[in-house]
Amino acid sequence: MTANNEARTGSAREKDFSPGQLIIALDYSDPGQARELVEKLNPLGVGFKVGLELFLAGGPPLVKELARRSPVFLDLKFHDIPNTVAAAVKSAASLGVWMLNVHAAGGKKMLKAAREALQDQKHKPILLAVTVLTSMDDQEMAETGCPGTTGERVIRLARLSAECGLDGVVCSPLEIDLVKNHVSGNLLTLTPGIRPAGENAGDQVRIATPDRVIEAGGDYLVVGRPVTRAPDPYKAVQNIFAAMQIV
Ligand code: C5P
């Protein structure tokens, strides 16, 4: 997968940003709608994200089907005891997905178990750890018993993820700089919470425009509603490409 290789060479910046680094969230409960969008957007070379909603509707067969045609990020955010997460990571890898994720808050043993689970797999997806959800702010984090700022927690969880050998982290676009400059280990960043200028934030709190992600040196962008709810999703992706200076 070219986007992956380009990002891994460490030069995913403005001039060589490629279409595959844009991932469209297929947040549908109807597999038919997801297939229709993939059909429309596949020629643009983007990746696709299957989250809980679509996974519960279409299950593993749908993931396999989509992964045969396009790069698929399976966003199920595993967070359980190490043994269970390791088994889930293996099962996810066997579906042929390009990328998958676990929650960094699951701790060191869980993260290492996830990493080790992929070691003997023929197909090794990119393994990411979710730091702090982009829908949360400092106050909401405090309510869950985590003191400090979201930025501090992102750094702490990103360091833990690097220590455990993960390939990258999911964070908000506002924290790319923190991960790239305050965490060793060359972690990839994947950032949801992307809103083209003038778009509704919805339930997202820590957001930024696509060009801001490029400037900050981010690797992958996840965009959902600004594309899936656009009257013309193809045009909406083209507009995002233009903001990212992909021609
Ligand atoms: O519609 P929107 O662009 O907000 O969609 C963002 C997508 O990214 C959703 O599918 C959401 O589940 C996902 N996501 C997120 N924050 C994370 C991880 C994933 O918003 N930390």
Side-chain angles (χ1 to χ4, degrees), residues 21-31 33-34 37-38 41 46-58 62-63 66 71-79 92 97-106 126-138 140-141 144 146 150-151 153-158 160-161 166-176 178-179 187-213 218-231 233 236-237 239-240 243-244:
Q21 288 170 262
L22 178 65
I23 301 170
I24 306 302
L26 297 172
D27 289 333
Y28 296 110
S29 55
D30 172 8
Q33 272 183 294
L37 192 73
V38 170
L41 302 184
V46 294
F48 295 97
K49 180 173 92 69
V50 175
L52 289 166
E53 185 181 4
L54 185 61
F55 185 75
L56 291 171
L62 178 68
V63 175
L66 296 175
V72 169
F73 165 31
L74 186 62
D75 178 25
L76 298 182
K77 302 186 182 71
F78 299 136
H79 190 173
V97 299
W98 160 58
M99 189 184 265
L100 61 93
N101 61 1
V102 300
H103 263 288
I126 298 175
L127 181 62
L128 303 178
V130 178
T131 55
V132 179
L133 296 173
T134 43
S135 54
M136 294 186 87
D137 57 17
D138 294 353
E140 224 192 341
M141 220 179 54
T144 68
C146 297
T150 46
R153 185 151 171 85
V154 168
I155 292 182
R156 174 181 279 253
L157 292 173
L160 192 68
S161 306
L166 271 78
D167 300 310
V169 290
V170 182
C171 61
S172 102
L174 308 178
E175 291 127 17
I176 294 170
L178 293 179
V179 173
L187 289 173
L188 296 168
T189 61
L190 177 139
T191 52
I194 308 297
R195 288 294 176 269
E199 280 272 349
N200 191 334
D203 56 355
Q204 299 282 19
V205 176
R206 300 180 351 266
I207 59 172
T209 53
D211 53 312
R212 167 82 180 75
V213 175
D219 300 297
Y220 297 103
L221 296 78
V222 171
V223 180
R225 287 160 289 185
V227 168
T228 56
R229 298 201 184 163
V237 170
N239 289 341
I240 295 172
M244 290 159 68

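Numbering of ligands and ligand atoms starts at 1, following listing order. These figures come from a predicted structure and were not determined experimentally. These numbers come from the heavy atoms of this one structure, side chains and all, not from hydrogens, waters or symmetry mates.
When only non-hydrogen protein atoms are considered, atom 18 (C) of ligand 1 lies nearest to Lys77 CE, 3.2 Å. Counting only heavy atoms of the protein, atom 17 (C) of ligand 1 lies nearest to Pro192 CG, 3.6 Å. Of the protein's non-hydrogen atoms, Lys49 CE, 3.7 Å is the one closest to atom 7 (C) of ligand 1. Of all protein heavy atoms, the one closest to atom 20 (O) of ligand 1 is Gln204 NE2, 2.8 Å.
Of all the heavy atoms in Ile194 and Pro226, the pair that sits closest is O-CG, 3.9 Å. Closest non-hydrogen pair, Ala158 versus Thr131, comes out as N-CG2, 4.2 Å. The nearest pair of heavy atoms linking Pro196 to Ile240 is CG-CG1, 4.2 Å.
Heavy-atom neighbours of Arg225 CZ from other residues, nucleotides or ligands within 6.0 Å: above the threshold of 12.
Counting heavy atoms under 4.0 Å from ligand 1, residue Asp75 touches it through the side chain alone. At a 4.0 Å heavy-atom cut-off, ligand 1 touches Arg225 through backbone and side chain alike. With a 4.0 Å heavy-atom cut-off, ligand 1 is reached by the backbone of Leu133 and by its side chain too. When heavy-atom distances to ligand 1 are checked against a 4.0 Å cut-off, Thr134 comes that close through both its backbone and its side chain.
Residues Thr134 and Gln204 bring a donor and an acceptor atom of their side chains to less than 3.5 Å of each other.
Between Gly224 and ligand 1, at least one N/O pair is under 3.5 Å apart.
Distances below 4.0 Å separate heavy atoms of Asp27 from the following atoms of ligand 1: 9 (C), 10 (O). Atoms of ligand 1 found under 4.0 Å from any heavy atom of Val170, numbered from 1 in the order shown, are 18 (C), 21 (N). Of all atoms in ligand 1, listed by their number and element, those nearer than 4.0 Å to a heavy atom of Arg195 are 1 (O), 2 (P), 3 (O), 4 (O). Close approach to Val222 involves these atoms of ligand 1, each under 4.0 Å from a residue heavy atom: 7 (C), 8 (O).
Applying the side chain to side chain donor-acceptor pair (under 3.5 Å) test to Thr228 and every residue at least two apart in sequence or in another chain returns nothing. Under the rule for a side chain to side chain donor-acceptor pair (under 3.5 Å), the partners of Asp138 that lie at least two apart in sequence or sit in another chain are Thr150.
Exactly one of Leu127, Leu74, Val130 qualifies for a side chain to side chain contact (heavy atoms under 4.5 Å, CB included) with Asn101. That residue is Val130. Checking each of Asp167, Leu190, Asp219 against Ile126 for a side chain to side chain contact (heavy atoms under 4.5 Å, CB included) leaves exactly one that passes, namely Asp167.
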